[in-house]
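Encoded as structure tokens, the structure appears first; notes follow it.
The model shown is predicted, which means the values in this text are computed figures rather than measured ones.
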Amino acid sequence: MNQVGMLLIGILLAMCPSQVKGQEKLEVHGKADFVSDYIWRGADQNSGFSIQPSLTLGYKGFSLNAWGSQSLTKWEDGGAKEFDINLSYTFRNFTVTVSDYWWSGVNRPYGDYKNDHYFEGTLAYNFGESFPLTLSWSTMFAGADKDENGDLQASTYINASYPISLPADITLTPAIGFTPWKGIYHDKAAFTDISLKASKDIHVTDKFAIPLFVQAIVAPVYDRTYLVAGFSLGF
């Protein structure tokens with residue numbers, strides 16, 4: 001990781017004041033999402049029906065998350081596979097995250113950090129329960145995010161989402177994504193994805209429910225549309 005990456009992690013650690021209220025004990029959460037297709041920021045990951053497990057450790061505002069995606073239906077060229085590591089810190093309504101993305105595929109080596117990993121810093125802000133708008137800015141700062149000359153592109157993704165509570169315990173979430181300059185997403189500034197997601201907990205028993213979602217996605221930069229569904233199991 002380069003000096004910029006180390007600086008971002010240093011800022012993340014320095015932001016932790018002693019009076020922060022968070023998880024006073026270590027929390028462990030596991031989840032498995034099953035999705036009909038995997039669309040990331042408007043881009044089809046050529047994964048088809050996939051399982052996306054995650055493991056999260058949380059303590060006093062910090063969160064360490066391992067997230068993966070494995071295709072269950074497409075195995076051409078070894079099959080689609082992703083493994084990401086995310087370190088986050090939340091203070092009040094702000095969240096800072098440093099991410100390591102790897103999506104080289106099944107049976108591919110993991111350790112080529114310069115050419116196969118994408119390192120990204122994200123700053124997100126949620127306005128609160130009365131106005132639950134979330135804004136985020138994500139910029140890649142190291143790894144494989146390079147142009148044809150081998151220079152860092154600083155590919156950037158900006159997102160806004162706003163969940164709306166509806167009758168019957170349904171949540172409707174419109175969202176929009178935008179890239180402000182040339183990078184991994186497009187060759188110029190453009191809207192990457194516009195989506196509308198409906199989600200609801202389907203109660204199987206009084207104590208057990210399965211979260212279910214359906215999401216319509218339009219990807220202007222790729223001239224593509226998607227309708228994705230999925231459900232989750234977790235603890």
Quiz item: Which atom names give the shortest non-hydrogen contact between Pro109 and Trp102, and what distance separates them?
Solution: O-NE1, 3.5 Å
Quiz item: If every non-hydrogen atom of Tyr222 is compared with every non-hydrogen atom of Gly42, which pair is closest and at what distance?
Solution: CD1-O, 3.2 Å
Quiz item: Closest approach of Thr122 and Ser138, non-hydrogen atoms and distance?
Solution: OG1-OG, 2.7 Å
Quiz item: Distance-only, no hydrogens or angles: does the Thr179 side chain make a donor-acceptor pair with backbone N or O of Thr156 under 3.5 Å?
Solution: yes
Quiz prompt | Test item: Val98 and Ile85 side chains (from C-beta on) under 4.5 Å apart, heavy atoms | solution = no
Practice problem: For Gly48 and Lys74, work out which heavy atoms get closest and say how close. | Solution: N-CD, 4.0 Å
Quiz prompt | Common cluster, Leu233/Val204, ILVMFWY with side-chain heavy-atom separation under 4.5 Å | solution = yes
Quiz item: So which heavy atom on Thr173 is nearest to which on Ser161, and how close?
Solution: CG2-CB, 4.2 Å
Quiz item: What distance do Asp37 atom CG and Ser50 atom OG have between them, rounded to the nearest 0.5 Å?
Solution: 7.0 Å
Quiz item: Less than 4.5 Å apart, any side-chain heavy atom of His186 and any of Thr192?
Solution: no
Practice problem: Nearest 0.5 Å please: distance from the CG atom of Leu135 over to the OH atom of Tyr125. | Solution: 9.5 Å
Quiz item: Nearest heavy-atom pair of Phe178 and Ala189: which atoms, and what distance?
Solution: CZ-CB, 4.1 Å
Quiz item: For the side chain of Glu82 and the backbone of Ala80, is there at least one donor-acceptor N/O pair under 3.5 Å apart?
Solution: no
Quiz item: Is there a chain of hydrophobic side chains (I, L, V, M, F, W, Y, each step under 4.5 Å between heavy atoms) that links Ile39 to Val214?
Solution: no
Quiz item: Ignoring hydrogens and geometry, is there a side-chain-to-backbone donor-acceptor pair from Asp116 to Ser104 under 3.5 Å?
Solution: no
Exercise. Evaluate the side-chain proximity of Pro132 to Phe127: yes if any heavy-atom separation is below 4.5 Å, no if none is.
Key: no
Quiz item: Can you tell me how far the NE2 atom of His29 sits from the CZ atom of Phe235, to the nearest 0.5 Å?
Solution: 9.0 Å
Practice problem: Check step by step if side-chain contact (heavy atoms from CB on, under 4.5 Å) holds for Arg224 and Ile217. | Solution: CA-CA 8 Å; Arg224 294 287 188 271; Ile217 305 170; over 6 Å; no
Self-check item: Inter- and intrachain pairs under salt bridge (Lys or Arg N to Asp or Glu O under 4.0 Å), touching residues 198-222, at least two apart
Solution: none
Quiz item: Just wondering, are more than 12 heavy atoms of other shown residues or ligands nearer than 6.0 Å to CG in Asp112?
Solution: yes
Practice problem: May I ask you to check whether Phe94 and Tyr89 place their ring centres under 6.0 Å from each other? | Solution: no
Quiz item: Got more than 12 heavy atoms from elsewhere within 6.0 Å of NZ, Lys146?
Solution: yes
Quiz item: For the atom pair CG (Asn86) and OG (Ser63), what is the distance rounded to the nearest 0.5 Å?
Solution: 8.0 Å
Quiz item: Is the number of heavy atoms from other residues, nucleotides or ligands within 6.0 Å of CG (Asp151) greater than 12?
Solution: yes
Quiz item: Hey, what do you get for CD1 (Ile164) to CD1 (Ile170), rounding to the nearest 0.5 Å?
Solution: 12.5 Å
Quiz item: So, Asp145 and Gln153: side-chain donor and acceptor under 3.5 Å apart, yes or no?
Solution: yes
Quiz item: Can Asp193 and Tyr157 be counted as having a side-chain donor-acceptor contact under 3.5 angstrom?
Solution: yes
Exercise. To the nearest 0.5 angstrom, please state how far the OG atom of Ser71 sits from the CG atom of Asn46.
Key: 8.0 Å
Quiz item: Short question: side chain of Trp181, backbone of Ala154 - any donor-acceptor pair under 3.5 Å?
Solution: yes
Quiz item: Which class fits the ring pair Phe119 and Phe141: parallel under 30°, tilted 30 to 60°, perpendicular over 60°?
Solution: tilted
Quiz item: Tyr101 and ring pair (Phe, Tyr, Trp, His ring centres under 6.0 Å): which partner among Tyr118, Trp67, Tyr113, Trp40?
Solution: Trp40
Quiz item: Using the ring of each side chain (for Trp, its six-membered ring), is Tyr110 parallel, tilted or perpendicular to Phe83, with breaks at 30° and 60°?
Solution: perpendicular
Self-check item: Side-chain touch Pro220/Ile194, heavy atoms, less than 4.5 angstrom
Solution: yes
Exercise. Using the rule that two of Ile, Leu, Val, Met, Phe, Trp, Tyr join whenever any of their side-chain heavy atoms come within less than 4.5 Å, decide whether Phe34 and Ile210 are in one cluster.
Key: yes
Practice problem: For the pair Thr139 (side chain) and Trp137 (backbone), establish whether a donor and an acceptor sit closer than 3.5 Å, ignoring hydrogens and angles. | Solution: no
Quiz item: Is there a path of hydrophobic side-chain contacts, each under 4.5 Å between heavy atoms of I, L, V, M, F, W or Y residues, that connects Val35 with Phe231?
Solution: no
Quiz item: In terms of hydrophobic clusters joined by side-chain contacts under 4.5 Å, are Ile158 and Phe191 together?
Solution: yes
